[in-house]
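Down below is the structure, laid out as structure tokens.
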Protein chains: 2
Amino acid sequence: MGIETVISDEVLEQRIRVAGLKPTRQRLGLGRLLFNGISRHVTADELFGEAVNTGVPVSLATVYNTLRQFVDAGLLREVLAGPGRSYFDTDISHHHHFYHVDENRLEDLPIGVVSVESLPQPPTGSEIERVDVVIRLRRQ
Amino acid sequence: MGIETVISDEVLEQRIRVAGLKPTRQRLGLGRLLFNGISRHVTADELFGEAVNTGVPVSLATVYNTLRQFVDAGLLREVLAGPGRSYFDTDISHHHHFYHVDENRLEDLPIGVVSVESLPQPPTGSEIERVDVVIRLRRQ
DNA sequence: TTTTTAATTTAGAATAGTTCTAATCCATTG
DNA sequence: CAATGGATTAGAACTATTCTAAATTAAAAA
Ligand SMILES: [Mn+2]
Ligand SMILES: [Mn+2]
Ligand SMILES: [Zn+2]
Ligand SMILES: [Zn+2]
């Protein structure tokens with residue numbers, strides 16, 4: 001009786017369809033790795049490695065395509081923290097991050113633990129898309 | 001009688017020496033472009049372009065080397081906002097940023113306008129290096 | 001069920017930003 | 001001035017990502 005919510009095949013397939021995408025073998029396999037109920041922060045090549053290890057037949061190009069499509073569909077959130085790579089966050093709720101610079105690893109902050117007070121007016125012609133708070137951590 | 005503080009050759013040379021670096025033609029030329037009194041957010045290739053345009057004899061490799069050295073010496077601050085490129089901020093004081101995603105451009109927030117309340121305890125073994133707040137803006 | 005169609009996947013090339021290498025250059029010191 | 005060690009450089013290498021164009025496949029049409 002684990003706490004972990006394992007998504008059913010039907011729900012996963014439905015989620016992909018609702019996003020306007022065909023539930024192909026590749027998307028279902030990647031979706032299963034991503035939406036297994038645990039909040040995750042993966043890079044493209046980490047996810048590709050997991051796919052290879054678990055026998056999901058997919059190319060690296062498709063991993064990139066699928067991550068981009070899932071972000072566009074609002075199923076994933078892209079987080080930029082370190083230079084030169086994107087992290088994909090399976091938790092799309094509004095929250096902030098620790099970034100472990102020595103390990104290139106993202107970690108969620110407990111929600112509400114950081115609050116940004118008094119957001120400034122955005123410059124004319126612009127609107128706020130998102131506010132990102134990244135607390136950069138190094139080994140002591 | 002401009003408001004702009006133009007740094008003198010002597011002060012610039014001294015600043016580079018204090019950082020433990022030889023005041024070469026390249027470092028002086030780049031330092032003059034960077035520390036002209038105006039707060040700036042430049043990328044490596046923007047700075048390289050300015051150097052070429054103003055006749056500073058320097059290679060792209062040296063621009064990268066110099067930016068890294070200036071950051072290490074605390075003369076510049078590196079800001080990560082968009083994917084795949086670093087911005088170098090001539091304002092090393094503690095402040096946060098707007099990031100115009102449509103233009104790949106950083107802009108300073110007025111100091112004090114955003115305050116991060118109740119910083120969380122960092123995980124054991126880690127210490128906070130910096131807190132970055134980036135307000136992502138898109139064209140309306 | 002077969003055929004058709006358009007979306008998807010793929011290998012590999014291309015690209016962008018950055019770092020590395022190793023040869024040359026030059027600022028400083030004696 | 002000569003010696004020397006750091007600095008500069010062109011170009012190669014590297015990493016993450018996107019692009020291209022051909023092959024595959026899911027879904028719709030027949
Ligand atoms: Mn990775
Ligand atoms: Mn640029
Ligand atoms: Zn997260
Ligand atoms: Zn700034």
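Every heavy atom of this structure was used, including side-chain atoms; hydrogens, water molecules and symmetry mates were not. A, B, ... follow the sequence lines: proteins, then strands. Residue 1 opens every chain.
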Worksheet item: Should we count CD of A:Gln140 as having more than 12 external heavy atoms under 6.0 Å?
Response: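 Correct, the count exceeds 12.
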Fill in: N/O donor-acceptor pair under 3.5 Å between A:Thr54 side chain and A:Glu50 backbone
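Pair found, side chain donor or acceptor close to backbone of A:Glu50.
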Discussion item. Donor-acceptor check, side chain of A:Arg27 to backbone of A:Lys22, threshold 3.5 angstrom: yes or no?
Written reply: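 Between the backbone of A:Lys22 and the side chain of A:Arg27 there is a qualifying donor-acceptor contact (under 3.5 Å).
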Tell me the interatomic distance from [X], atom [atom1], to [N], atom [atom2], rounded to whole angstroms.
X: B:Phe88; N: C:dG17; atom1: CZ; atom2: C1'; answer: 11 Å
X: A:Leu21; N: D:dA27; atom1: CG; atom2: C1'; answer: 14 Å
X: A:Asn104; N: D:dT15; atom1: CG; atom2: C1'; answer: 12 Å
X: A:Arg68; N: C:dT9; atom1: CZ; atom2: P; answer: 16 Å
X: A:Phe48; N: D:dT17; atom1: CZ; atom2: P; answer: 14 Å

Discussion item. With the threshold set at under 4.0 Å for non-hydrogen atoms, list the residues of residues 22-29 of chain A touching DNA chain D in residue-number order.
Written reply: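 Output list: A:Lys22, A:Pro23, A:Arg25.
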Worksheet item: For DNA chain D, what residues of residues 69-80 of chain A have any heavy atom nearer than 4.0 Å?
Response: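 Nucleic-acid contacts, sorted: none.
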Item to complete: Name the residue closer to the 5' end of DNA chain C, choosing between B:Pro83 and B:Glu13 according to the nucleotide with the nearest heavy atom.
Response: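 Whichever sits nearer the 5' end wins; that is B:Pro83.
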Worksheet item: Mapping B:Tyr87 and A:Leu60 to their closest nucleotides on DNA chain C, which lands nearer the 5' end?
Response: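 Per heavy-atom nearest nucleotide, the more 5' residue is A:Leu60.
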Which nucleotide in the set [options] lies at the smallest distance from any side-chain heavy atom of [X]?
X: B:Asn65; options: C:dT9, D:dG11, D:dT8; result: D:dT8
X: A:Tyr64; options: D:dT18, D:dC19, D:dT9; result: D:dT18
X: A:Ala61; options: D:dA16, C:dG12, C:dT18; result: C:dG12
X: B:Val58; options: D:dT9, C:dT18, C:dT10; result: D:dT9

Discussion item. Please determine whether side chain to side chain contact (heavy atoms under 4.5 Å, CB included) holds for the pair A:Ile135 and A:Tyr99, giving the CA-CA distance in whole Å, both sets of side-chain angles, and the decisive distance to 0.1 Å.
Written reply: CA-CA 6 Å; A:Ile135 302 181; A:Tyr99 179 65; over 6 Å; no
Practice prompt. Side-chain contact test, heavy atoms from C-beta onward, threshold under 4.5 Å: evaluate it for B:Glu13 versus B:Leu28 and give yes or no.
Written response: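 Yes. Closest side-chain heavy atoms under 4.5 Å.
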Discussion item. Could you walk me through whether B:Phe70 and B:Phe35 satisfy the ring pair (Phe, Tyr, Trp, His ring centres under 6.0 Å) test, starting with their C-alpha distance in whole Å, then the side-chain angles of each, then the deciding distance to 0.1 Å, before giving a yes or no?
Written reply: CA-CA 11 Å; B:Phe70 283 4; B:Phe35 308 123; 5.7 Å; yes
Practice prompt. Output yes when at least one side-chain N/O atom of A:Arg17 is less than 4.0 Å from OP1 or OP2 of C:dA7, else no.
Written response: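 Checking C:dA7 against A:Arg17, no side-chain N or O comes under 4.0 Å of OP1 or OP2.
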Discussion item. Any side-chain N or O of B:Ser86 below 4.0 angstrom from OP1/OP2 of C:dG17?
Written reply: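 For C:dG17, neither OP1 nor OP2 has a side-chain N or O of B:Ser86 closer than 4.0 Å.
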Practice prompt. Quick one: sort the B:His95 and B:His41 rings into parallel, tilted or perpendicular, breaks at 30° and 60°.
Written response: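 Ring orientation of B:His95 relative to B:His41: tilted.
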